[in-house]
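By convention in this document, chain letters (A, B, ...) are assigned in the order of the sequence lines, proteins followed by strands, and residues within each chain are numbered from 1.
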2 protein chains.
Amino acid sequence: MSLRIALLGTLAHHGPATGYELAKRFDTSINLAWQAKHGQIYPELARMVKSGAVTVENAGDGRGRKVYTVTDAGRREITEWVNGDDLYRGVRNESALRGFLVTLLPPREAAAVMRAEEARHAAKLAEVEHLKEEVEARTAPDDPFGRYALELGLRNATMMRDWAAETAKDLENKAEKEDRR
Amino acid sequence: MSLRIALLGTLAHHGPATGYELAKRFDTSINLAWQAKHGQIYPELARMVKSGAVTVENAGDGRGRKVYTVTDAGRREITEWVNGDDLYRGVRNESALRGFLVTLLPPREAAAVMRAEEARHAAKLAEVEHLKEEVEARTAPDDPFGRYALELGLRNATMMRDWAAETAKDLENKAEKEDRR
DNA sequence: TGCGACATGTAACATGTTACATGATTCT
DNA sequence: AGAATCATGTAACATGTTACATGTCGCA
């Protein structure tokens with residue numbers, strides 16, 4: 001369902017696009033909210049044509065490009081979904097799982113694992129900051145599309161990095177205490 | 001892969017358990033890191049027996065309970081996974097998607113959507129706080145298993161709630177500005 | 001005795017990823 | 001001419017959810 005809404009939303013905001021273009025948009029700011037590969041996108045577009053949420057048009061070029069456009073029914077679907085309370089699909093977070101399991105290791109090793117985790121999140125944060133600059137350079141300053149999600153991506157990466165750092169610190173303290181014994 | 005690790009980790013920390021018990025543990029603190037239903041757990045346990053990560057024993061009671069125990073090979077799998085950098089399976093976040101699409105609505109409606117989002121995250125935060133108290137009452141104060149993940153869950157819910165609130169505020173400001181025009 | 005929790009398992013389905021397959025256009 | 005990118009699609013597989021199917025045990 002959510003993939004469908006993500007595709008409709010992108011079409012509603014940026015205008016008609018091909019499946020290929022939609023796939024590439026999942027590499028930009030919307031990446032922080034949703035993603036999909038073309039192997040999932042093409043079948044979904046076909047389903048949406050059938051159900052009337054979008055229309056197709058053959059671009060008529062040799063490549064067989066197909067341009068998709070949202071219909072009013074499609075726009076209604078977006079509004080309904082946004083107003084719904086679809087939330088919390090099961091959380092599945094490898095970092096949190098690592099935070100869980102790390103206590104099975106001796107504190108020194110555990111701390112090293114969390115320092116590595118911190119580094120990964122710091123790198124992710126830099127990535128999001130870069131993406132933000134890119135988006136800001138490309139879009140009008142008063143166009144908030146993607147801004148809110150970008151802000152969330154930034155906060156999330158920061159939060160994860162700090163959590164990993166503090167967890168590492170805590171484990172390092174524990175290791176030291178153990179040494180003194 | 002991660003489900004397998006989550007199951008092994010739980011067995012390693014709490015000791016041998018049945019599939020049913022493992023399923024119930026996914027409703028406690030590990031819920032903030034990973035989850036699974038019994039429909040996924042039983043087949044996975046069968047696979048792990050085959051590959052030697054766990055052993056089974058029939059409890060011998062009429063209910064046909066089967067108790068699973070981690071093997072050394074299973075423990076090794078955990079350590080390897082924790083030390084790996086398995087991270088960032090595609091982010092799929094309905095809240096962020098809502099933050100994306102909300103700008104397609106008029107500011108007043110959009111603000112209402114984000115206020116509802118704020119309320120959902122505030123409720124989630126309360127839930128995690130409650131879970132934390134429960135865990136703290138049940139486990140020894142120096143047993144950090146689950147504590148780090150719980151802390152992350154707390155931070156995440158707080159971050160999401162604040163983000164939703166600030167986004168709502170921004171949209172409310174926009175609506176007001178529009179009214180004055 | 002009947003209900004709810006305990007207990008295991010499978011089947012059907014939905015979602016998501018990777019690999020395979022094919023061909024056009026553009027740039028060097 | 002060859003490589004990279006554009007462009008669409010399907011098949012095989014992995015993961016996750018829901019529904020179906022079956023039976024036990026403890027308690028009111």
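Phosphate contact (OP1/OP2 of D/dG9, side-chain N/O of A/Y42, threshold under 4.0 Å): absent. Proximity of B/K37 to the phosphate of D/dA19: no side-chain N or O atom is located under 4.0 Å from OP1 or OP2. Listed pair B/Q40 / D/dG16 meets the phosphate criterion, a side-chain N or O lying under 4.0 Å from OP1 or OP2. The side chain of A/K24 contributes no N or O atom lying less than 4.0 Å from OP1 or OP2 of D/dA7. Look at A/R92 and you'll find a side-chain N or O under 4.0 angstrom from OP1 or OP2 of D/dT17. Using a 4.0 Å cut-off, no side-chain N or O of A/T18 falls inside it from OP1 or OP2 of D/dC6.
The nearest heavy atom of DNA chain C to A/W34 and to A/G62 marks one nucleotide each, and the one closer to the 5' end goes with A/W34. Map B/R47 and B/H38 each onto its nearest nucleotide of DNA chain D; the residue landing nearer the 5' end is B/R47.
B/E94 has its CD atom 12 Å from the C1' atom of C/dT15, to the nearest Å. If you take CD of B/E57 and P of C/dT8, they are 14 Å apart, rounded to a whole angstrom. Regarding A/F26, its CZ atom lies at a distance of 13 Å from the C1' atom of C/dT15, rounded to whole Å. In this structure, A/L22 places its CG atom 14 Å from P of D/dC6, rounding to the nearest Å. One can place CZ of A/R25 at 12 Å from P of D/dA7, the figure rounded to the nearest angstrom. One can place NZ of A/K66 at 20 Å from P of D/dC6, the figure rounded to the nearest angstrom. As a whole-Å value, the separation of A/D27 CG from C/dT17 C1' is 15 Å. One interatomic measurement links the two molecules: CG of B/L45 to C1' of C/dG9, which rounds to 12 Å at whole-angstrom precision.
No hydrogens or angles considered: nothing links the side chains of B/R115 and B/T167 as a donor-acceptor pair under 3.5 Å.
With D/dC25, C/dT8, D/dT8 as the candidates, the nucleotide lying closest to the side chain of A/Y20 is D/dT8.
Proximity of A/I30 to B/F100: side-chain heavy atoms (C-beta onward) are separated by under 4.5 Å at one or more points.
Residue contacts shown for A/R65 are limited to sugar-phosphate atoms, with no base heavy atom under 4.0 Å away. A/G64 comes within contact range of the sugar-phosphate backbone alone, with a heavy-atom separation under 4.0 Å but no base atom that close.
Salt bridge annotation for A/R65-A/E21: present, with a cationic side-chain nitrogen under 4.0 angstrom from a carboxylate oxygen. Using a cutoff of 4.0 Å between basic side-chain nitrogens and carboxylate oxygens, A/E127 and A/K124 are scored as salt-bridged.
For the pair A/R76 and A/W81, the cation does not sit on the ring face, since its NZ or CZ is not both under 6.0 Å from the ring centre and inside 45° of the axis.
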